[in-house]
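One structure is given below, encoded as structure tokens.
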Amino acid sequence: CLLRNHEARRKGGQRLPVELYFADHRDAALHPAQAVTFLLSEHMPTVMDSRVLCFADREAAEAMIRHEDERITDWEGYKLARGVPDRVIELQFGAAGMVPALVESTKGDLLLWKATSSGLDRDLAVTIKGYPEVGRITVPASGEEVVFRMQAVRPGMGFPVVEAGVDGPLGMLRVHGAHTAEEEAM
């Protein structure tokens, strides 16, 4: 519920708290969000069924991992992994490229991408130039949906969505918003 409240304030244009604190799973001591390691798990009982355990010590979080799908992250990664998306983008990759060919967003948006393929004879590995943190996404030729998330943190008129290792764009991501704090204040 803390994450939902934080996002509701951000989306509503309200001032965000100066600091957030989380209780360490081991001793319940409070620590600032920037100092906490989050263990994302679907397998352990968690407070309010949040599917997250918080630790002041990264090694303690790593020692709790019991399943391959459990993941360690920081506050920014937790918001990305478990936050409510501002926008869900459904698209398809085929011989002609990406449909829709242009995806538009606003700086700061949390985007949930749902990608499928049609008519491809092999899996397609795509990247978004200018967003290296997204990494390489493999879209199966079988048409099975692949889902990934990203935060639109850098504005620009065109971030090409490309096949990994190939220069020509399959489509484009456009992120609207100010580049600097000065622009934002105008």
Working to the nearest 0.5 Å, report the span between [atom1] of [X] and [atom2] of [Y].
{"X": "I137", "Y": "F93", "atom1": "CD1", "atom2": "CZ", "answer": "9.5 Å"}
{"X": "R122", "Y": "S117", "atom1": "CZ", "atom2": "OG", "answer": "11.0 Å"}
{"X": "M150", "Y": "I89", "atom1": "CE", "atom2": "CD1", "answer": "7.5 Å"}
{"X": "H6", "Y": "L16", "atom1": "NE2", "atom2": "CG", "answer": "4.5 Å"}
{"X": "L53", "Y": "T37", "atom1": "CG", "atom2": "OG1", "answer": "12.0 Å"}
{"X": "F22", "Y": "L2", "atom1": "CZ", "atom2": "CG", "answer": "4.5 Å"}

Hey, are R66 and E70 close enough for a salt bridge, meaning a charged N less than 4.0 Å from a carboxylate O?
no
Between E76 and K79, does any side-chain N to carboxylate O distance fall below 4.0 Å?
yes
Could you check whether any side-chain N or O of [X] sits under 3.5 Å from a backbone N or O of [Y], counting only pairs where one atom can act as donor and the other as acceptor?
{"X": "D24", "Y": "F55", "answer": "no"}
{"X": "R82", "Y": "L3", "answer": "no"}
{"X": "Q92", "Y": "M98", "answer": "no"}
{"X": "R136", "Y": "A164", "answer": "no"}
{"X": "Y131", "Y": "R154", "answer": "yes"}

Kindly give the heavy-atom pair with the smallest separation between [X] and [Y], and that separation in Å.
{"X": "L80", "Y": "L110", "result": "CD1-CD1, 3.3 Å"}
{"X": "L40", "Y": "A81", "result": "CD1-CB, 3.6 Å"}
{"X": "G94", "Y": "L120", "result": "C-CD2, 3.8 Å"}

Which residues satisfy the ring-ring contact (aromatic ring centres under 6.0 Å, His included) test with H31, sequence neighbours excluded?
none
Using a side-chain heavy atom cutoff under 4.5 Å and only I, L, V, M, F, W and Y, what cluster partners does M157 have?
none
Connected-component partners of M172 among ILVMFWY, side-chain separation under 4.5 Å:
L102
Can you tell me if R149 has over 12 outside heavy atoms packed within less than 6.0 Å of its CZ?
yes
Which label fits F38 and Y78: parallel for a plane angle under 30°, tilted from 30 to 60°, or perpendicular past 60°?
parallel
